[in-house]
Amino acid sequence: MLTRKQHELLMFIHSRLKESGIPPSFDEMKDALDLRSKSGVHRLIKALEERGFIRRLPNRARALEVIRLPESMGQSPAAQRGRFSPSVIEGSLGRSRASAEGEAMNENVAVPVMGRIAAGTPISAIQNHSHTISVPPDLVGSGEHFALEVRGDSMIDAGIFEGDTVLIRRGDTADSGDIIVALVDDEEATLKRFRRRGASIALEAANPSYETRIFGPDRIRIQGKLVGLIRRY
């Protein structure tokens, strides 16, 4: 899922490549998106690259390649060549440059909620996408994310309570001490603190009422690690 500014930049780069075969300069991208500085362009390009939409070609100045377009646009750029019409980039009428750059940094990102996660006895594995929530981009950062609703009280000493929504950066690795979503025996998902104990893996609760559980490495698959939390009062 892209923010509006990320989407506008991707479409601008794509249209310029179609027209001339040469990607736009950073100054041209800055002016087209009405940003105050090129640092905003660098952040947007980095986000697009991390999400797999563009690629920077090595040893070539201004070398950008569009790998794919958003799913909402249908097929890949190669499949759409000759019939794709890029979105119009909104101008700055009635807006200051500072406010335009603020939108690039502050526009919310849609994150899919993938069901419930147990902070206690493991429950059924992560369900399918149920709905979507909108979160500030600085809360999730780069990478692919999903959200889960917490059930149980085993992580209360880490400030995670039943009814909270946790934001998870998808990945299959973690550092010791990270709070992760662990899939146990490919059947049960749980939210716990990750520790390595020799060749084994420990899933630690943050509640003295629960015991630390020890597993062989072949029984645990890391689904992602905690990066944020949303609580409604």
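The figures here come from the full heavy-atom set of this structure, side chains too, leaving out hydrogens, waters and symmetry mates.
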In one Ile/Leu/Val/Met/Phe/Trp/Tyr side-chain cluster, 4.5 Å: Val227, Val135: yes
Distance (rounded to the nearest 0.5 Å) between Phe26 CZ and Leu35 CG: 12.0 Å
same_hphob_cluster(Leu148, Ile156) at 4.5 Å side-chain heavy-atom cutoff: no
Donor-acceptor contact below 3.5 Å, side chain Arg55 vs main chain Ile67: no
Single-linkage hydrophobic cluster, 4.5 Å side-chain cutoff, Leu44 and Leu17 together: yes
Pro24, Pro23, Ser25 screened by side-chain contact (heavy atoms from CB on, under 4.5 Å) with Arg16, the one that passes: Pro24
Side-chain donor/acceptor of Asn207 to backbone N/O of Asp153, under 3.5 Å: yes
Non-hydrogen atoms of Arg68 and Gly52 that approach each other most closely: NE-O, 3.3 Å
Side-chain donor/acceptor of Arg193 to backbone N/O of Gly177, under 3.5 Å: yes
Pair Lys46 + Glu49, salt bridge at N-O below 4.0 Å: no
Side chain to side chain contact (heavy atoms under 4.5 Å, CB included) partners for Ala147, two or more places apart: Val111, Val113, Ile133, Thr165, Leu167
Exercise: identify the closest heavy-atom pair between Arg51 and Gly143: NH2-O, 4.3 Å
Candidate pair Glu149 and Arg116, rule salt bridge (Lys or Arg N to Asp or Glu O under 4.0 Å), full reasoning: CA-CA 5 Å; Glu149 297 173 350; Arg116 296 177 176 177; 3.8 Å; yes
